[in-house]
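Only one structure is covered here, and it is reproduced in the block below.
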Amino acid sequence: INLQYFTSTTDNLRFGSGNKLLHNVVGGHIGVFEGNGGDLRIGLARQSLHDGQQWMHRPLRLHVVIEAPRAMIDQVIANHAVVRDLVRNGWLHLLRLDGLPARLEVRTA
């Protein structure tokens, strides 16, 4: 459900389901058509995300907490382009737990 809120809020035209007043349900739970035709819409209706003036849901990126030495985390990031790109482009926020009592260190690329 988090992904549905995220995508419907960040790009409601493409990933949301538009105006719920115009919905025609397709296949019970598959999705809706907006109006009498068009593309199948699978996201959330604009009215469930927007109050008419502003978005009511703030899209959040994934936060991952890792308890490991910083050098090992840096090595994984250096060796795996997919992880490196996720961190560098802000899609994934890495947080490192450092010892006891727990201290949190934010990892930025």
What residues, two or more places apart in sequence or in another chain, satisfy side-chain contact (heavy atoms from CB on, under 4.5 Å) together with [X]?
{"X": "Q54", "value": "D51, M56"}
{"X": "L62", "value": "V64, L92"}
{"X": "M72", "value": "P69"}
{"X": "Q47", "value": "N19, K20, L21, A45"}

Under the 3.5 angstrom rule, does the side chain of R96 hit a backbone N or O of I66 as a donor-acceptor pair?
no
Examine distances only and state if a side-chain atom of S48 and a backbone atom of L44 form a donor-acceptor pair shorter than 3.5 Å.
no
With sequence neighbours left out, write down each residue that passes ring-ring contact (aromatic ring centres under 6.0 Å, His included) with H57, or none if nothing qualifies.
Y5
For residues 61-88, which residue pairs qualify under ring pair (Phe, Tyr, Trp, His ring centres under 6.0 Å), counting only residues two or more places apart or in two chains?
H63-H93
Could you tell me which residues satisfy salt bridge (charged side-chain N to carboxylate O under 4.0 Å, His left out) with D85, sequence neighbours excluded, listed by chain and number?
none
hydrophobic_cluster_shared for L94 and V82, side chain cutoff 4.5 Å:
yes
With rounding to the nearest 0.5 angstrom, report the CH2 to CG distance, W91 to L86.
9.0 Å
Residue pair F15 / S8: nearest heavy atoms and the distance that separates them:
O-OG, 3.6 Å
